[in-house]
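Scroll down for the structure; my scribbles are underneath it.
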Amino acid sequence: MPNKLITKISKMISTFDVSQSFADGMLTLSNGALVIGALLVLLGTIGAIRSTGILDRYKDERISENEVKTEKAKADAANANKEAAQANEHTAKLEKEAAALTESAEMERLARVKIEERLAWRRVDPTLYKRFVKELIPFAGSVISLNPLGNGDPETGTFTEDIAKLMHDANWKVQIATGNVQIPVPVGLICKVDDQTKAGKALIVFLKTLPCANIQLTPNLGMVAIITVGIRPPP
């Protein structure tokens with residue numbers, strides 16, 4: 001059955017089986033189809049070209065917009081960096097000023113401490129008291145002369161008592177001169193010490209911790225030391 005149908009169709013489209021009028025009509029239709037096809041191709045080509053141009057324009061616009069945004073972002077970043085740099089510079093300036101103020105305050109504090117030290121009464125350092133009593137006890141019985149010459153100055157008297165107490169606690173013999181007056185009044189702590197003895201050497205270590213001590217190495221004193229307590233030096 002299919003073979004017969006194919007044979008029949010082939011016979012129908014054969015030029016010998018088609019009339020002239022039918023062939024003319026087919027040619028007219030074919031030409032029309034070609035024209036329409038050409039028009040469609042033309043329209044498609046024009047549409048493609050036009051669409052491509054529009055798409056390129058939008059693409060260029062997007063690129064331009066992105067470039068503008070990028071440049072703006074770069075400018076914002078540059079401004080932010082500039083502001084950050086200015087802030088850092090300001091912070092550094094403030095830190096420098098603060099450091100200068102701190103240094104100035106510290107210098108003022110040290111100056112005040114020095115003034116207070118000069119105005120403060122001379123005393124035996126309580127943190128060293130027990131240490132020197134322990135170091136001087138091995139030389140118990142050693143003799144020193146303690147001569148306060150402050151002419152009634154209470155600070156001189158208190159300082160003399162501090163020295164005498166430590167020496168007594170170390171079981172040394174202390175000869176304290178009383179009622180002596182000297183003009184002009186001696187200044188500071190004048191210590192004549194026989195450094196040829198072990199007791200003298202141990203005493204020198206202690207005397208060096210006392211304010212304004214002027215240690216004079218003097219052998220053959222007949223005792224370990226002669227200590228004159230004058231008034232404290234002026235501020």
Side-chain angles (χ1 to χ4, degrees), residues 95 97-235:
E95 290 176 349
E97 292 176 354
L101 291 174
T102 301
E103 183 180 0
S104 176
E106 180 64 13
M107 292 177 63
E108 291 178 1
R109 187 190 70 81
L110 293 175
R112 185 172 63 254
V113 168
K114 289 181 179 180
I115 292 174
E116 290 173 352
E117 288 176 349
R118 289 195 296 267
L119 294 176
W121 284 20
R122 294 169 294 174
R123 304 299 300 266
V124 173
D125 188 344
T127 63
L128 300 176
Y129 193 92
K130 291 183 178 180
R131 168 193 161 188
F132 283 114
V133 169
K134 183 178 179 180
E135 291 182 1
L136 293 174
I137 277 181
F139 309 102
S142 298
V143 180
I144 67 168
S145 173
L146 199 56
N147 186 19
L149 286 177
N151 294 356
D153 173 54
E155 188 273 342
T156 302
T158 299
F159 190 34
T160 302
E161 291 173 0
D162 277 2
I163 299 172
K165 183 177 185 305
L166 187 144
M167 304 308 297
H168 281 136
D169 288 347
N171 295 326
W172 282 42
K173 295 180 180 180
V174 182
Q175 300 175 355
I176 300 179
T178 58
N180 293 336
V181 176
Q182 181 173 320
I183 303 296
V185 180
V187 177
L189 186 69
I190 300 96
C191 309
K192 295 181 179 181
V193 184
D194 184 354
D195 63 327
Q196 302 299 314
T197 64
K198 291 182 179 180
K201 292 177 181 179
L203 181 63
I204 288 172
V205 176
F206 162 62
L207 294 175
K208 285 182 177 179
T209 67
L210 299 179
C212 313
N214 176 12
I215 300 173
Q216 302 173 4
L217 305 181
T218 311
N220 304 319
L221 283 174
M223 58 181 64
V224 177
I226 298 174
I227 301 173
T228 299
V229 186
I231 61 174
R232 60 181 170 176

Just wondering, do Leu203 and Trp172 contact through their side chains at under 4.5 Å, heavy atoms?
yes
Is the CD atom of Glu97 crowded by more than 12 outside heavy atoms at less than 6.0 Å?
yes
Met167 and Leu136: side chain to side chain contact (heavy atoms under 4.5 Å, CB included), yes or no, with the steps?
CA-CA 8 Å; Met167 304 308 297; Leu136 293 174; 4.0 Å; yes
If you measure from CD on Glu108 to CG on Leu101, what distance do you get to the nearest 0.5 Å?
9.5 Å
State the CG-OH distance between Asp169 and Tyr129, to the nearest 0.5 angstrom.
3.5 Å
Minimal non-hydrogen separation, Ala164 against Ile176, with atom names:
CB-CD1, 4.0 Å
Is there a donor-acceptor contact under 3.5 Å from the side chain of Arg123 to the main chain of Thr158?
no
Is any side-chain heavy atom of Phe206 closer than 4.5 Å to one of Glu135?
no
Closest heavy-atom contact between Leu189 and Pro211?
CB-O, 4.2 Å
Run the side chain to side chain contact (heavy atoms under 4.5 Å, CB included) check on Ile227 and Leu146 step by step: do they pass?
CA-CA 5 Å; Ile227 301 173; Leu146 199 56; 3.7 Å; yes
Rounded to the nearest 0.5 Å, what separates atom OG in Ser145 from atom NZ in Lys192?
10.5 Å
So, the side chain of Gln216 versus the backbone of Ile190: is there a donor-acceptor pair under 3.5 Å, distance only?
no
Atom pair CG/CD of Leu166 and Glu161 - distance to nearest 0.5 Å:
14.0 Å
Val205/Phe132 under side chain to side chain contact (heavy atoms under 4.5 Å, CB included): CA gap, chis, key distance, verdict:
CA-CA 9 Å; Val205 176; Phe132 283 114; 3.8 Å; yes
Between Asp125 and Thr209, is there a side-chain heavy-atom distance shorter than 4.5 Å?
no
Do the side chains of Thr156 and Arg122 get nearer than 4.5 Å, heavy atoms only?
yes
How close do Leu207 and Ala213 get, counting heavy atoms only, and between which atoms?
O-CB, 3.3 Å
If we check side-chain contact (heavy atoms from CB on, under 4.5 Å) with Asn147, which of these qualifies: Thr160, Asn180, Ile226, Thr178?
Asn180
Give, for atom CG of Asp195 and atom CG of Leu217, the distance between the pair rounded to the nearest 0.5 Å.
4.5 Å
Could you check whether any side-chain heavy atom of Ile183 comes within less than 4.5 Å of a side-chain heavy atom of Asn151, counting everything from C-beta outward?
yes
Between Val185 and Gly150 the two heavy atoms that sit nearest each other are CG1-CA, 4.3 Å
Leu210/Val124 under side chain to side chain contact (heavy atoms under 4.5 Å, CB included): CA gap, chis, key distance, verdict:
CA-CA 6 Å; Leu210 299 179; Val124 173; 3.9 Å; yes
Ile144 CD1 to Leu221 CG distance, which is reported to the nearest 0.5 Å:
12.0 Å
